[in-house]
Amino acid sequence: MSQQPPAPAGTAGEFLHDFLLAAGRHTPDAPAVIESARPGLTTVTSYAQLGALADAYTDGLLTLGLETGARVILEADTTAHSLAMLLAASRAGLTFIPVSPKTPGQRLRSLIGTARPALHLQASDGERTDLPRALATARFGPGGLTVEHAPEQPRPRRRVPCVTDPAYIIFTSGTTGRPKGVVMSHRAVVAFYRGMLAYGIATPEDRIASTSPLQFDFSLLNIGLALGSGASVVPVPPDLVRWPRHLLRVLRETGATQVNGVPSIWRQPLRHEPGRLAALDRLRSILFCGEEFPLPELRRLQELLPKARVINCYGATESMACSFDDVPNPLPADAHRLSIGVAHPGAEMLLVDEHGEIVAEPGVPGEIHLRSPALFSGYWDDPQATRRTLVPDPLCPQSGQVVLRTGDLAVRGAGGEFYFRGRTDSQVQINGNRVELAEVERRLTQYPGVAAASAAALPQPEGGGLRLTAFVVLTAGRPAVDTADLGAFCARALPPYMVPQEIRLLDVLPTTPNGKVDRAALAQGARPAA
Ligand SMILES: Nc1ncnc2c1ncn2[C@@H]1O[C@H](COS(=O)(=O)NC(=O)C[C@H](N)c2ccccc2)[C@@H](O)[C@H]1O
């Protein structure tokens with residue numbers, strides 16, 4: 001099967017695979033992916049080797065004759081081979097849907113029913129079986145691409161890829177109801193990558209550890225940051241991220257210089273392996289995103305890594321991310337909130353109040369709206385949800401330009417920087433009073449010895465109304481805290497209706513597969529500390 005004739009230079013715009021392989025063309029022998037599957041075994045894949053793998057996989061995919069725009073499920077963790085397959089899907093004009101190998105069969109079948117992919121791809125040692133019989137399947141790995149069940153050969157309706165085509169679809173767990181498929185075009189992803197690189201986060205010498213599952217777009221950010229900078233990706237296998245000694249071993253043996261992850265990846269290393277963490281002398285920067293970093297834990301991390309640059313990255317999957325800001329190291333003692341900075345170059349964050357008016361004054365809360373070339377195309381097969389999220393530009397609705405309505409509240413500081421103030425949907429009404437759960441959590445983490453906290457409005461046990469409940473994790477070795485003292489501490493700073501009616505001490509906060517605090521699990525009543 002002949003490959004697509006390359007579009008004349010400058011006409012096609014930039015596809016995801018063009019961007020990811022461009023920097024490495026000048027340094028073919030530089031390490032693109034550095035893996036450490038087990039102690040003492042580090043595998044390096046150079047940019048030239050990654051490109052050759054991608055070439056071979058592209059030829060394999062093109063041989064299947066799938067039409068441009070067809071979807072493929074990419075069920076894998078981040079490895080040199082799955083990265084090569086991601087590049088190949090992009091080059092073959094296919095839209096990849098990254099899925100973790102741990103995804104329950106039921107959820108995968110539901111996703112397949114929604115996205116109607118043409119092909120399921122998994123690693124040669126993948127364990128997925130019981131896939132729908134009609135779905136074509138193939139495996140990839142050191143032996144190349146092996147087709148198990150070939151796709152039907154419908155007459156392709158399209159052959160010419162376009163940068164507005166979906167590069168990938170990320171199905172988010174969705175805080176409400178059925179998973180939403182966030183469709184990101186090549187043009188949007190590359191626009192985000194270029195905005196991110198302008199912030200100046202990585203150099204070609206960096207080795208960037210990625211601790212998120214491939215199905216979470218944080219991993220795609222790390223891949224774009226590393227390969228786009230001519231640096232190296234250090235994928236940390238998900239099973240090792242949860243074990244502090246394994247995580248720290250991988251970071252040490254691969255010489256990771258930057259570690260990117262959600263705040264929860266640091267909780268156990270801080271509790272159990274502070275010495276080994278402090279000994280990572282190659283580690284020079286940390287980037288986190290996804291939720292607020294509990295300040296006691298952040299301060300502890302900074303104590304152990306006083307020279308590390310700490311970057312707070314904010315954003316939603318609907319634009320991959322949108323802002324970066326350096327956290328002062330050390331964080332001033334009187335700082336109670338972290339700045340999320342301002343939108344990356346080429347984008348703009350606006351605050352809009354409940355009347356649709358622009359909020360210009362510092363300190364006044366509003367909902368973040370994002371103007372950006374990196375906005376998603378829409379939710380897969382859900383035009384209503386799309387219209388609620390991509391809304392007319394509040395400054396010029398007539399123009400047809402849409403902006404992303406993030407559902408996040410923020411205020412602006414005197415310097416124009418933004419401060420996250422929780423989600424609009426985390427404002428709960430308790431007995432008629434509006435409670436900002438993030439506010440309660442922040443107050444709890446100011447109590448000496450509290451490492452992290454989460455608040456939820458749970459149904460009253462005896463029925464009727466909601467009960468403000470808090471879940472608190474203490475720093476390691478901290479003597480037990482009297483929850484009544486904790487409640488009194490909250491009462492000194494919060495209105496009575498924002499004082500938790502119940503406070504439970506937990507050893508750990510439950511997390512979602514993407515590593516965020518699992519609020520649904522807490523709402524089901526997490527087990528009290530042993
Ligand atoms: N730095 C933050 N402080 C505080 N709340 C935050 C923050 N980053 C997100 N969030 C929250 O998480 C929401 C987005 O959740 S999400 O759609 O699942 N996507 C993510 O969490 C990851 C996001 N796509 C991403 C990927 C890669 C780098 C940065 C960000 C935002 O709307 C915020 O509510």
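Atoms within a ligand are numbered from 1 in the order they appear, just like the ligands themselves. What you see below is based on every heavy atom in this structure, not just the backbone, and it leaves out hydrogens, waters and symmetry mates. This structure is a prediction, so every number in the text was calculated from the model and none was measured.
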F192 and H344: aromatic ring centres closer than 6.0 Å? yes
Considering heavy atoms of the protein only, find what lies nearest to atom 14 (C) of ligand 1 and give residue, atom and distance to 0.1 Å. G315 O, 3.4 Å
Strictly below 4.0 Å, N to O, side chains only: are E441 and R519 in salt-bridge contact? yes
So, Y314 versus D325: side-chain donor-acceptor pair below 3.5 Å or not? no
Find all atoms of ligand 1 within a distance of less than 4.0 Å from any non-hydrogen atom belonging to L221, and give their numbers and elements. 27 (C), 28 (C)
Would you please determine whether N312 falls within less than 4.0 Å of ligand 1 on a heavy-atom basis? yes
For ligand 1, note which part of F420 has a heavy atom under 4.0 Å away: side chain, backbone, both or neither. side chain
Check each of R421, K180, K516 against atom 13 (C) of ligand 1 and report the one with the nearest heavy atom. K516
Residues R412, E361: salt bridge by 4.0 Å N-O rule: no
Side chains of R443 and Q446 only: does a donor on one sit below 3.5 Å from an acceptor on the other? yes
Nearest neighbour of atom 25 (C) of ligand 1 from the list E292, E318, M196, M320, on a heavy-atom basis: M320
Would you call E439-R337 a salt bridge at under 4.0 Å N-O? yes
Quick one, H120 with E75, criterion side-chain hydrogen bond (donor to acceptor under 3.5 Å, both in side chains). Give me CA distance, side-chain angles, the key distance, then yes/no. CA-CA 7 Å; H120 176 274; E75 175 170 336; 2.8 Å; yes
Nearest heavy atom to atom 17 (O) of ligand 1, choosing from V262, T317, D425, belongs to T317
How close does the nearest protein non-hydrogen atom get to atom 8 (N) of ligand 1, and which residue and atom is it? G290 N, 3.0 Å
For A321, the atoms of ligand 1 under 4.0 Å from one of its heavy atoms are 28 (C), 29 (C), 30 (C)
Could you identify the single nearest non-hydrogen protein atom to atom 32 (O) of ligand 1 and state the distance to 0.1 Å? D408 OD2, 2.6 Å
Per-atom contacts, ligand 1 versus F216 - under 4.0 Å to a heavy atom: 20 (C), 21 (O), 22 (C)
Using 0.5 Å steps for rounding, measure from the CG atom of D77 to the CG atom of L214. 7.5 Å
Within the 4.0 Å heavy-atom shell around C289, which atoms of ligand 1 are there? 25 (C), 26 (C), 27 (C), 28 (C), 29 (C), 30 (C)
